[in-house]
Amino acid sequence: MAIIVDNDTKLVVQGLTGSEGRFHGLRNRAYGTNVVAGVTPGKGGQDVEGIPVFDTVADAVEDAGANTSLIFVPARFAPDAIYEAVDAGIKTVICITEHVPAHEMLRAYTYVRPKGVTLIGPNCPGVLSPGKANVGIIPAEVFQPGSIGLVSRSGTLTYQIGHEVAQRGLGNSTIVGIGGDPVVGSGFIDVLAKFEADPETKYVVLVGEIGGDEEEKAATWVSENMSKPVFSYIAGFSAPPGKTMGHAGAIISGSSGTAQAKKEALEAVGIKVGTTPTEVAELVAAAS
Amino acid sequence: MAIIVDNDTKLVVQGLTGSEGRFHGLRNRAYGTNVVAGVTPGKGGQDVEGIPVFDTVADAVEDAGANTSLIFVPARFAPDAIYEAVDAGIKTVICITEHVPAHEMLRAYTYVRPKGVTLIGPNCPGVLSPGKANVGIIPAEVFQPGSIGLVSRSGTLTYQIGHEVAQRGLGNSTIVGIGGDPVVGSGFIDVLAKFEADPETKYVVLVGEIGGDEEEKAATWVSENMSKPVFSYIAGFSAPPGKTMGHAGAIISGSSGTAQAKKEALEAVGIKVGTTPTEVAELVAAAS
Amino acid sequence: MDLHEYQGKQLFKQFGIPVSEGRLAATPEEARKAAEEIGGPVVVKAQVLTGGRGKAGGVKLADDPADAEQKAKEIIGLDIRGHVVEKVWIESASEIAKEYYLSITFDRGVKQPLFMFTTQGGVEIEEVAANDPDALVRLHVDPLEGFQPWIARRLVYGAGVEDAGEQKQIADIIGKLYRCFVESDAMLTEINPLIVTPEGEVKALDSKFTVDDSALYRHPDIAEFRDTSAADPLEAFAREKGVVYVKLDGDVGICGNGAGLSMSTVDVVVVAGGRPANFCDLGGGGNAEGVVDALEVITRDPQVKSVLFNIFGGITRGDEVARGILEALDRMSIAIPIVVRLDGTNAEEGRKILAEAAKSNLFVEPTMLEAAKKAVELAR
Amino acid sequence: MDLHEYQGKQLFKQFGIPVSEGRLAATPEEARKAAEEIGGPVVVKAQVLTGGRGKAGGVKLADDPADAEQKAKEIIGLDIRGHVVEKVWIESASEIAKEYYLSITFDRGVKQPLFMFTTQGGVEIEEVAANDPDALVRLHVDPLEGFQPWIARRLVYGAGVEDAGEQKQIADIIGKLYRCFVESDAMLTEINPLIVTPEGEVKALDSKFTVDDSALYRHPDIAEFRDTSAADPLEAFAREKGVVYVKLDGDVGICGNGAGLSMSTVDVVVVAGGRPANFCDLGGGGNAEGVVDALEVITRDPQVKSVLFNIFGGITRGDEVARGILEALDRMSIAIPIVVRLDGTNAEEGRKILAEAAKSNLFVEPTMLEAAKKAVELAR
């Protein structure tokens with residue numbers, strides 16, 4: 001097993017004929033991911049190194065059996081791409097595109113959420129289940145198969161942690177970059193729930209950063225719902241107080257959003273928190 | 001038991017201080033319905049013959065425990081009233097108001113539907129469970145308690161059928177007027193499913209009329225899902241071919257929408273169809 | 001409310017959907033002037049709220065203004081399926097390379113707007129649906145998701161439009177038609193044919209447009225489109241009085257409250273061996289004044305030999321209806337017999353009021369069926 | 001992007017939310033002229049993107065144009081929490097009978113817009129939330145349901161506004177503020193105080209407004225509001241170059257790819273005993289040109305004694321980064337040491353490129369922690 005992507009993944013890349021879509025789509029295939037189709041309106045009938053291209057996601061589902069979508073289209077087309085994938089019956093949608101307007105994502109999120117679709121991103125590095133499938137831009141060569149589930153708001157920081165873990169001889173069940181935008185399709189809790197249910201995952205590392213209160217909420221959720229050990233790293237201990245969102249931000253979340261506050265919330269429910277990537281890797285290694 | 005409204009109904013009337021709201025709200029209470037509140041913005045704190053009036057439905061829910069709403073506001077305010085009721089946690093909303101724009105109801109319907117709310121109407125006479133509760137404008141004195149469930153697209157025709165049934169010494173579990181607008185909150189099938197699940201209902205009478213294909217769909221549903229005997233009456237056998245909605249109408253439904261076509265669809269699955277209100281009442285009486 | 005072709009095109013234009021330049025004309029002289037202003041060959045099109053104009057000779061090509069005047073003369077006054085042509089639409093003639101079909105309707109069954117598109121336009125769409133169903137692409141729109149560009153792509157690629165310029169123009173028209181459909185509170189908007197000219201330009205050559213009557217209050221411009229001249233004079237008079245009335249061919253005048261009961265009353269009169277003269281619905285909240293208006297409308301029909309009131313009160317109250325009938329008898333001289341059946345809210349008071357009035361041509365019957373029989377008998 | 005009060009009010013006005021008449025002034029003379037045009041007493045308000053203006057002397061009442069000029073003289077150039085006042089907003093002075101608070105924010109946790117309203121305005125809203133939570137009415141809006149009139153009623157009645165005229169005006173403002181919030185792609189719109197004048201007129205006396213940077217492309221008018229003068233000169237230069245850069249106080253220049261890794265690099269430099277000079281994020285797709293720009297920005301800071309590149313490639317490719325660093329060394333004369341740590345996509349090629357260049361001030365380290373230690377050591 002693994003979560004979100006695995007050997008059953010049949011991937012359609014929306015925007016396969018673009019330069020990034022092509023580069024990463026082919027990389028994903030080279031890793032072993034079953035890339036069954038690409039979609040670029042007006043280029044139906046072409047192919048990208050043998051991957052058939054369709055005009056619409058519906059065609060990719062019907063003719064190529066796609067069940068997972070990877071979105072690489074420009075920001076202003078990304079919400080449309082999400083709606084198209086979901087309405088074509090795709091159940092796992094991973095959107096790499098960054099700079100998607102928050103209000104558009106808010107509408108798309110609210111529309112998609114009750115449909116039982118797993119939406120990851122936007123503005124995320126994707127999902128990698130080492131040895132099974134890589135969907136997105138995560139450099140898979142850094143990771144190896146194992147029993148640690150990794151979920152993170154940050155892309156490159158995820159690679160760093162996974163790298164540190166791998167250097168200690170450990171591996172990952174699945175690495176999920178959920179993205180750091182104001183509205184992302186799946187939050188920490190959504191992914192933690194999947195890891196809790198995944199028999200291959202034995203430990204979970206949660207990589208957070210300053211701002212918002214997602215980490216605090218995740219801490220509460222873990223204490224109430226999770227049987228597997230969770231470790232955490234928070235980035236931004238030395239960050240200067242950033243721009244605040246007016247006065248309202250702090251009132252809403254009831255949290256200051258600092259790394260220290262998050263650390264305390266996590267530790268209060270028994271989650272060990274490292275202050276550097278190296279430290280969190282050592283904590284996991286010690287527990288294994 | 002009974003369906004939709006019963007002894008557990010705690011009713012709030014939205015628009016209680018208007019002339020129709022007041023007339024029917026008080027009639028419903030006189031029948032024995034537990035009318036716990038009214039809502040009229042700006043009149044919070046007043047009362048209508050002892051029924052407390054609130055500014056918002058949320059207040060009526062919180063302070064008076066309302067669980068069912070009856071809407072009597074003018075058409076241009078009706079969708080807002082439905083959203084307000086649903087977002088305040090009301091689980092049964094009955095909207096009497098007629099002439100609500102179809103596109104507005106379409107949005108409201110789509111929003112309300114996944115929330116597990118029973119929405120009846122708009123442009124309907126309401127719901128009566130004889131001996132338990134009357135919510136709406138149905139003249140309750142015509143009906144008596146019994147085991148016949150009655151569901152109808154038409155208001156006054158419902159009374160006629162119920163009246164004919166009562167004259168033969170039979171009674172009703174619940175009478176539901178679903179309304180005849182292009183978009184209504186609950187269709188025949190929604191109500192049939194409730195009757196099928198209601199132990200007090202032994203027979204069901206479905207009162208349809210020309211246009212659309214709801215009766216045909218109900219016929220299919222009954223043949224696949226219903227164990228209780230269903231009888232039907234369709235109005236409009238002598239109606240001249242009415243205005244058609246362009247060419248598209250017939251294609252969509254795949255039905256001509258005539259009374260004869262509906263009769264045939266119903267009879268094809270074993271539902272007996274009367275051609276006058278009297279005849280359908282006799283059919284039920286003969287089966288009882 | 002159904003709109004004329006020229007009215008629908010006016011809305012299309014407002015929403016940026018390309019249409020040909022045109023003018024409305026009520027006389028051959030106006031048609032000539034319109035053709036002069038437009039220039040070049042024109043099409044003269046009868047503006048009637050029914051289909052089959054072309055076969056009935058209601059659409060003709062005219063080479064020049066004089067010809068347009070002649071063609072308008074032939075078309076104005078024509079009877080097309082019972083509709084007399086009063087106005088013609090003169091528009092610049094288009095060369096047609098291809099004919100497509102595009103519509104959005106309000107799908108009551110699925111409760112979503114439904115797009116239909118096919119490259120096999122210009123013919124009866126029912127035929128395409130029956131003979132080549134795969135050629136007709138159907139796509140529902142979730143009203144909360146709203147229109148998204150992929151919807152246009154699914155339609156355009158799904159129907160096999162191959163030219164990139166056409167794909168782009170049609171996708172654009174699809175988006176605009178959706179906005180037009182929603183923002184005009186339409187129940188139907190249909191473009192048949194949607195043409196492609198030899199130069200590759202896509203435009204709407206016809207329009208079918210139905211607007212939700214309940215939403216007209218927020219579209220005063222569309223409400224003004226109402227063509228009272230197009231209706232039967234009695235129906236127009238009824239509309240003026242706010243009465244829902246459809247003229248039929250028999251001699252028993254009928255008035256019920258609620259569409260279902262009124263329809264059922266028509267059926268029961270037929271079952272009783274009579275011939276209904278009309279369908280008339282007092283509506284939900286009929287008051288005395290409404291009853292007077294309804295009786296005035298019904299009795300204007302010289303064929304009517306008896307009138308049947310079939311009232312089952314809910315919101316409508318029996319006493320109000322009774323008072324309305326007596327009021328009408330006071331104001332108008334109605335000699336024909338009136339049969340009344342009252343039940344429901346305040347029916348007893350109503351029956352009492354009628355009994356006390358003791359009018360010789362007023363008959364109160366206890367049931368719908370008996371009342372129908374009586375009215376049929378009195379009409380003989 | 002945060003907007004100045006006067007910019008937010010301009011948007012309020014566009015959406016029909018009542019504000020006072022006002023003019024922008026950059027000099028005392030302009031302030032005098034503005035006060036003359038407006039007439040009567042005015043308020044002179046510093047336009048700075050920070051709170052606490054009032055306490056810092058940035059808001060002053062002026063009785064007449066001469067007084068306005070004098071007050072503007074006092075305010076322009078004032079340093080308020082590190083922001084130097086360059087412009088003042090001159091607006092007609094309002095008499096205040098009551099002060100309310102109204103805002104909509106983008107609630108990231110619940111993922112819905114959140115309205116907050118209280119009749120206890122004019123003070124710090126955090127205090128109201130802490131001391132009298134019931135007085136602060138909060139209400140989320142389902143973005144697919146959209147704004148409905150009941151939302152305004154819940155807020156207005158929930159907060160206990162008693163005057164019917166106020167109820168009506170505030171409900172109207174609530175609806176307009178929602179439209180303004182959504183259609184401007186705002187992350188926050190706040191009116192504090194929303195005042196009631198002695199005559200019972202409700203209006204927005206201040207504005208806080210944050211717009212989603214990702215949506216600016218579709219709001220060219222709002223994008224033009226960008227106040228480059230308000231930022232630190234180095235940060236302004238960075239923005240010009242398209243580099244995400246925040247100036248800190250130390251001597252180790254830092255460049256990472258991705259916000260999380262860059263932040264973590266700052267942390268690790270601190271853990272290694274160093275003082276970060278900045279936070280700099282190459283972003284997701286950093287190419288060679290971006291690296292050159294980033295190095296130019298970082299090395300402009302005279303405090304920087306060493307630079308640490310911490311790159312973990314995903315979309316970013318190690319070879320591109322390496323080429324960018326060499327390109328920068330070619331174009332600029334950079335004497336200070338640069339420590340590079342490369343991992344991920346094409347990292348090996350990158351390390352090879354750097355090794356082959358054999359620059360004396362270029363140090364390649366295998367891990368993040370070792371690279372940080374080296375950079376800290378070199379900065380001493």
Side-chain angles (χ1 to χ4, degrees), chain A residues 20 24 75-76 96 98-104 106-107 109-111 123 125 136-139 141-142 152-160 163-164 180-183 207 209-210 212-214 217 233 235-240 242-243 245-253 259 275-278, chain D residues 2 51 103 105-114 116 124-126 129 136 142-144 182 185 187-188 190 192 208 210 212-215 217-218 246 248 256-264 266-271 276 279 283-285 311-316 343-345 367-369:
Chain A
E20 299 212 337
H24 292 286
R76 66 188 69 189
I96 308 302
E98 62 179 350
H99 301 309
V100 181
H103 278 272
E104 286 207 44
L106 190 63
R107 285 183 53 82
Y109 171 87
T110 311
Y111 177 75
N123 192 14
I137 64 172
I138 296 177
E141 61 278 12
V142 181
S152 169
R153 275 163 74 179
S154 161
T156 46
L157 190 50
T158 313
Y159 317 157
Q160 181 65 38
H163 182 62
E164 301 258 12
D181 272 10
V183 182
V207 183
E209 58 189 56
I210 51 170
D213 65 346
E214 291 296 308
K217 284 187 183 157
Y233 169 72
F237 278 94
S238 313
K243 286 177 189 173
M245 284 178 53
H247 285 293
I251 297 182
I252 298 170
S253 67
T275 51
T276 64
T278 310
Chain D
D2 294 331
S103 70
T105 44
F106 203 98
D107 186 343
R108 294 171 61 136
V110 176
K111 297 205 175 77
Q112 290 189 336
L114 172 67
M116 289 197 279
E124 296 284 312
I125 194 64
E126 290 91 332
L136 184 66
D142 184 299
L144 295 185
V182 172
D185 277 299
M187 304 302 288
L188 162 82
E190 186 178 275
N192 190 21
K208 271 212 185 64
T210 307
D212 179 8
D213 287 323
S214 295
Y217 76 88
R218 49 184 185 186
V246 180
L248 304 174
N257 64 322
L261 185 63
S262 302
M263 255 192 285
S264 178
V266 172
D267 290 349
V268 171
V269 164
V270 172
V271 167
F279 163 96
I311 305 297
F312 211 119
I315 276 195
T316 308
D343 259 310
T345 311
T367 72
M368 179 167 169
L369 198 56

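Chain naming here is simple, since letters A, B, ... match the order of the sequence lines and numbering starts at 1 in each.
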Heavy-atom contact with chain A under 4.5 Å, split by part of D:Val182: both

For each of D:Thr367, D:Leu144, D:Val270, D:Val266, tally heavy-atom pairs with chain A at distances under 4.5 Å, and name the one with the top tally. D:Leu144

Among A:Val207, A:Val100, A:Ile138, which has the most heavy-atom pairs under 4.5 Å with chain D? A:Val100

Portion of A:Ala75 that has a non-hydrogen atom of chain D nearer than 4.5 angstrom: neither

At a heavy-atom separation under 4.5 Å, does A:Pro125 approach chain D through its side chain, its backbone, both, or neither? neither

Under 4.5 Å heavy-atom distance to chain D, tell me which part of A:Val183 shows up: side chain, backbone, both or neither. both

So which of A:Ile137, A:Thr278, A:Thr156 has the largest heavy-atom pair count under 4.5 angstrom toward chain D? A:Thr156

Can you tell me which portion of A:Arg76 sits under 4.5 Å from chain D's heavy atoms? Options are side chain, backbone, both or neither. both

Under 4.5 Å from any heavy atom of chain D, what part of A:Asp181 do you find: side chain, backbone, both or neither? backbone

Checking heavy atoms, do the side chain of A:Phe237, its backbone, both or neither come under 4.5 Å from chain D? both

Write down the atom of D:Asp267, the atom of A:Gly236, and the distance for their closest heavy-atom approach. OD2-N, 2.7 Å

Heavy-atom proximity to chain A below 4.5 Å, by part of D:Asp142: side chain

4.5 Å side-chain heavy-atom contact, A:Leu106 and D:Pro113: yes

Taking all non-hydrogen atoms of both residues, which atom of D:Met187 and which atom of A:Pro182 are closest, and how far apart? CE-CG, 3.7 Å

Measuring heavy-atom distances to chain A, does D:Asp343 have an atom under 4.5 Å in its side chain, in its backbone, in both, or in neither? side chain

Closest heavy-atom pair and its distance - A:Pro101, D:Arg218: CB-NH2, 3.5 Å

Polar contact flag, side-chain donor to acceptor under 3.5 angstrom, A:His103-D:Asp212: no

So what's closer than 4.5 Å to chain D heavy atoms on A:Gln160: side chain, backbone, both or neither? both

For the candidates D:Ala215, D:Gly313, D:Ser264, which exhibits the highest count of non-hydrogen atom pairs separated by less than 4.5 Å from chain A? D:Ser264

Within the structure provided, determine whether D:Phe312 and A:Pro139 are in side-chain contact (heavy-atom separation under 4.5 Å). yes

Closest non-hydrogen atom pair, D:Val268 against A:Pro277: CG2-CD, 4.1 Å

A:Tyr233 versus chain D, heavy atoms under 4.5 Å apart: side chain, backbone, both or neither? side chain

